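All residue numbers in this chain count up from 1 along the given sequence. Remember, predicted model here, so these are calculated numbers, not experimental data. The figures here come from the full heavy-atom set of this structure, side chains too, leaving out hydrogens, waters and symmetry mates.
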Amino acid sequence: MAEKQSHTFDSIMAELKAGKYRPFYLLMGEEPYYIDLISDYIQEHALTPDEQDFNLTVVYGVDTNSAKIADLAKGYPMMAERQVVLVKEAQNIKAWDALEAYLDKPMPTTVLVICYKNGTVDKRKKFAQKAAKTGVVFESNKKKDYELPAFIEGYLRTKGATADRKSVQMIADHVGADL
């Protein structure tokens, strides 16, 4: 029985930077900033540039369905350790039945990433429950107004810059909670 884990942005990124890729990622939530950071990192680093030509597939929810995604994920990598299937704008997918079946036995050589922005998958549905047992489910929530100054200071530090408290507060007031 799989134990319930809490996946944070930092824990997911630490795993990815260590080269550990899970077979399934469901990235969802109201804040697209962290969803984009995680999916972009996987897209850029899970495969070498030479491997990406044959082993990276990017599809959009409006153009596909769960059966097509499951078929892509069941494929084998070509001259690489793994393949990556990245589904952007997954909030446009209507039914998740085929992916439910895929999650019963995912391909160990596939990294399937579902990016579901501006909302969440209903956690009462079988798809969400199987996703939590099979792989990584990450919910990216909007920052609260009181969290913004600390976030901005941390972001500036990662870029090698600093700002005084008044400047940080001005940035937070101007930008708002839209990262």
request  = Please work out whether the ring planes of Phe127 and Trp96 are parallel, tilted or perpendicular, with thresholds of 30° and 60°.
outcome  = parallel

key: Closest non-hydrogen atom pair, Glu81 against Glu51   = N-OE2, 4.4 Å

Closest non-hydrogen atom pair between Lys123 and Glu139, with its separation = NZ-OE1, 2.6 Å

Show the atom names and distances, to 0.1 Å, of all donor-acceptor pairs under 3.5 Å that link a side chain in residues 61-68 to residues at least two apart or in another chain.
| unit_1 | atom_1 | unit_2 | atom_2 | d |
| --- | --- | --- | --- | --- |
| Asn65 | OD1 | Ala67 | N | 3.0 |
| Asn65 | OD1 | Lys68 | N | 2.9 |
| Ser66 | OG | Ala95 | O | 3.1 |
| Ser66 | OG | Ala98 | N | 3.4 |

query = With sequence neighbours excluded, what pairs up with Phe54 under the ring pair (Phe, Tyr, Trp, His ring centres under 6.0 Å) test?
reply = none

query = Taking the side chain from Gln83 and the backbone from Gly75, do they hold a donor-acceptor pair closer than 3.5 Å?
reply = yes

query = Are the side chain of Gln91 and the backbone N or O of Met28 linked by a donor-acceptor pair below 3.5 Å?
reply = no

remark   = Gly29 and Ile35 have their tightest heavy-atom pair at N-CD1, 3.8 Å

inquiry  = Within a 6.0 Å radius of atom OH on Tyr41, are there more than 12 heavy atoms belonging to other residues, nucleotides or ligands?
reply    = yes

task = Check the pair Tyr60, Ile93 against side-chain contact (heavy atoms from CB on, under 4.5 Å), reporting the backbone distance first and the verdict last.
result = CA-CA 9 Å; Tyr60 291 84; Ile93 296 173; over 6 Å; no

key: Side-chain donor or acceptor of Tyr102 paired with backbone N/O of Met107 under 3.5 Å   = yes

ask   = About how many Å separate CG of Asp10 and NZ of Lys17, when rounded to the nearest 0.5 Å?
value = 8.5 Å

query = So, does Arg82 use its side chain to make a donor-acceptor pair with the main chain of Ala46 at under 3.5 Å?
reply = yes

ask   = Given side chains that start at C-beta, do those of Leu86 and Val59 come closer than 4.5 Å, heavy atoms only?
value = no

inquiry  = Quick one, Val111 with Val85, criterion side-chain contact (heavy atoms from CB on, under 4.5 Å). Give me CA distance, side-chain angles, the key distance, then yes/no.
reply    = CA-CA 6 Å; Val111 178; Val85 178; over 6 Å; no

query = Does the pair Gln43 and Lys88 meet the rule for a side-chain contact (heavy atoms from CB on, under 4.5 Å), with working shown?
reply = CA-CA 12 Å; Gln43 184 174 355; Lys88 296 186 175 196; 4.0 Å; yes

query = Is a donor on one side and an acceptor on the other found under 3.5 Å between the side chain of Asn55 and the backbone of Met78?
reply = yes

key: Inter-residue atom distance Ile12.CD1 - Arg22.CZ, 0.5 Å rounding   = 8.5 Å

key: Sidechain-backbone polar pair: Thr110 side chain, Ala73 backbone, donor-acceptor under 3.5 Å   = yes

remark   = Output for pair (Ser11 OG, Phe138 CZ), nearest 0.5 Å, gives 8.5 Å

request  = Rounded to the nearest 0.5 Å, what's the gap from CG on Leu112 to OH on Tyr21? Could you check?
outcome  = 15.0 Å

key: Non-hydrogen atoms of Ser39 and Val113 that approach each other most closely   = CB-CG1, 4.3 Å

query = So Phe9 and Ile38, side-chain contact (heavy atoms from CB on, under 4.5 Å) or not? Walk me through it.
reply = CA-CA 8 Å; Phe9 173 76; Ile38 294 169; 3.8 Å; yes

request  = Could you pull out the closest heavy-atom pair between Pro77 and Thr109, with the gap in Å?
outcome  = CD-OG1, 3.4 Å

key: Set of residues satisfying side-chain contact (heavy atoms from CB on, under 4.5 Å) with respect to Ala131, sequence neighbours excluded   = Phe24, Leu26, Leu103, Val137

query = Once you round to the nearest 0.5 Å, how far does CG of Asp40 lie from NE2 of His45?
reply = 10.5 Å

query = Less than 4.0 Å between a side-chain N and a carboxylate O, is that true for Lys117 and Glu31?
reply = no

key: Approximate separation, where rounding is to 0.5 Å, of Thr57 OG1 and Ile69 CD1   = 11.5 Å

